[in-house]
Amino acid sequence: MDQAVPNSVSADRVTHSDLANAVRALSMDAVEQAKSGHPGLPMGAADMATVLFTKFLKYDATDTTWPDRDRFVLSAGHGSMLIYSLLHLTGVKGMTIDELKRFRQLDSKTPGHPENFMTPGVETTTGPLGQGIATAVGMAIAERMLNAEYGDDLVDHRTYVIASDGDLMEGISHEAIALAGHLKLNRLIVLFDDNGISIDGPLSLSDSVDQVKRFEAAGWRAVRVDGHDDKAIARALSRAQKSDRPTMIACKTTIGFGAPKKAGTSKAHGEPLGAEELAGAKAALGWKHAPFEIPENIRDAWAKAGKKGRRHRKAWAERLKALPAEKRAEFERRMKGMRPQGLSEAIAKLKDKLIAEPQNVATRKASEIALEVITEAVPELVLGSADLTPSNNTKTKNLTAISPGNYAGRYIHYGIREHGMAAAMNGMALHKGLVPAGATFLVFADYARPAMRIAALAGIPVTYVMTHDSIGLGEDGPTHQPVEHLASLRSMPKMRVYRPADAIETAECWQMALERTDGPNLLALTRQNLPQVRKEASRENLSATGAYELSPAEGKARATIFASGSEVEIALAAQKILAEQSFAVRVVSVPSLDLFLAQPEKVRARIIGDAPVKVAVEAAVRFGWDAVIGPDGIFVGMHGFGASAPYKDLYKHFGITAEAVAEHILRTHNL
Ligand SMILES: Cc1ncc(C[n+]2csc(CCOP(=O)(O)OP(=O)(O)O)c2C)c(N)n1
């Protein structure tokens with residue numbers, strides 16, 4: 001079996017090395033053709049990936065979205081040609097040899113780093129190191145939670161990861177492996193490409209962590225194997241499948257395996273090998289075929305591997321079919337990512353109730369009130385917090401938390417791990433079947449931001465509940481008071497930021513967040529109590545245009561005050577002060593500035609109106625508001641960091657008061 005196999009022999013005579021070398025050859029050729037990319041990782045990790053895909057992965061190339069498939073995450077996204085080669089060789093539709101030839105070209109299915117929205121079979125976008133492994137933790141959580149709900153017949157799969165040195169050096173990996181170890185996610189298996197090389201050179205330049213001990217300390221099973229010994233890898237994977245804990249298999253590999261001069265050096269990491277080195281590598285590997293050419297027998301053997309999971313998929317489909325119609329429809333709805341019918345009705349009823357009994361509460365409390373009904377209407381909604389549950393008001397009475405070994409629940413204590421939480425939420429949403437919402441203080445959005453950016457880029461429907469949204473949090477002071485966060489999050493493409501003004505707007509914003517299925521949402525909520533500013537019943541979701549006239553002027557408006565969240569109260573008070581001086585102004589509430597700016601020009605013009613003076617009030621920096629008030633508009637808000645004091649003192653200190661707003665308007669008007 002180990003000798004060279006002539007092209008014409010049957011598929012079962014193909015060796016492991018033939019299969020792995022096909023991956024290496026395609027990866028080298030594609031990087032060479034693109035004149036850019038990373039050949040080293042695919043060449044080094046080809047053996048472990050080949051063992052995984054041909055012997056272990058529950059996978060059917062003809063249906064890459066089948067719900068009970070094993071998930072595979074290439075955390076080291078720079079090695080993207082590894083996964084593209086695997087998807088091509090196993091026969092995923094559309095992953096043609098021409099797509100491999102167009103590696104890294106515009107609109108190809110083979111972008112520089114894997115993107116789940118570009119390439120069938122790619123489970124998540126990776127590239128920023130550490131994201132993949134942390135996202136995979138969320139996938140593994142989702143699998144266990146859905147298993148607890150639907151049983152082994154419907155949900156019974158594993159999550160496999162290939163991670164590199166860089167993945168494990170990144171801080172997020174600490175959060176991810178600690179959470180996975182704690183929760184005993186034994187269906188999570190990480191193959192660590194232990195090649196000891198990164199961009200600057202050998203890892204010894206900057207790292208001396210014993211990764212096996214590190215994972216063990218976090219509650220994992222961890223072993224070392226020769227990453228080029230297919231039998232040893234297979235043995236380790238077999239054992240990992242039986243483990244009661246997550247497993248990390250440190251596979252000792254040589255980066256750029258086969259390349260005569262560059263193998264084992266950082267030269268193999270991130271540039272084409274070059275014609276001579278490429279020819280040398282193919283010679284060393286015994287690969288005698290033209291660029292992008294795969295002999296038929298090897299192609300057949302890979303195609304066979306691509307069909308390995310088909311019988312599992314078919315048996316699973318039969319079990320699904322046998323379910324009572326209602327249960328089956330519900331499972332299918334959830335796995336398709338469709339929202340339940342009852343959501344809008346539940347919100348409408350809640351709004352009626354709030355009109356009948358107004359609630360003068362903090363919007364974090366209003367969010368809890370909304371969640372009491374939403375969690376009933378949306379059974380797939382899973383809440384959680386990065387150790388701020390009592391402050392974020394995310395754990396409604398009807399939710400129980402999951403715990404190690406017991407995954408029946410709808411709440412997750414993520415620990416003080418904002419970044420790990422945000423990445424796990426991505427994984428849960430990508431897995432499908434669950435809709436995650438996770439919480440922390442708005443100021444700590446920075447600690448979660450790289451995963452939030454992946455959610456935006458990849459269009460992942462998750463919701464961040466971010467409370468303590470301004471100086472209104474008071475005494476904790478400037479370290480905890482966000483000022484630039486709203487502007488910076490609003491600037492992120494496809495991120496939707498909501499800052500509701502009262503209990504009704506909070507319910508409306510939650511509705512929009514959950515109805516959105518193509519990207520992330522953030523609810524910025526207050527710690528301090530606010531009056532309910534919406535007094536009239538409206539079945540229509542007034543927040544849906546991002547801004548709306550909340551309080552019209554009595555007579556022709558001489559100014560418009562735009563405000564969001566807690567500052568809407570101030571805008572209304574300023575309107576009253578001015579009305580007493582017979583100065584008519586209107587107030588526009590802006591629950592989502594970014595959504596408002598995305599409205600058609602006509603809608604924006606109608607809401608902005610033609611009053612000569614425009615004012616924006618928000619206890620944050622001005623950045624972004626000029627699009628509404630113009631460069632000469634008045635901005636009443638923050639111009640620097642906050643301070644530590646009771647919040648009412650802070651509003652006075654920073655001049656964010658109704659009196660100040662009224663004064664600014666009169667002064668400008670009189671100019
Ligand atoms: C968060 C983040 N920082 C930096 C990079 C740039 N980068 C890409 S690969 C890499 C390190 C490569 O080392 P390793 O992870 O061991 O991969 P290998 O060299 O084995 O391919 C770096 C720093 C990145 N992709 N993501």
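Numbering of ligands and ligand atoms starts at 1, following listing order.
Listed by first then second residue, pairs satisfying ring pair (Phe, Tyr, Trp, His ring centres under 6.0 Å) with a partner in residues 417-438 read H157-H431, not counting sequence neighbours. Among residue pairs with one or both ends in residues 158-180, none qualify as ring pair (Phe, Tyr, Trp, His ring centres under 6.0 Å); sequence neighbours excluded. For residues 203-249, the set of pairs meeting the ring pair (Phe, Tyr, Trp, His ring centres under 6.0 Å) definition, not counting sequence neighbours, comprises F215-W220, H228-F257.
For the side chain to side chain contact (heavy atoms under 4.5 Å, CB included) test with M428, the passing option among I460, V435, I412 is I412; the others fail.
Listed by chain and residue number, the protein contacts of ligand 1 are L41, H78, G127, P128, L129, S164, D165, G166, E170, N195, I197, S198, I199, I255, H269 (heavy atom within 4.0 angstrom).
Counting heavy atoms from C-beta outward, L100 and M81 have side chains that approach closer than 4.5 Å.
Two rings, from F53 and F72, have their centers less than 6.0 Å apart.
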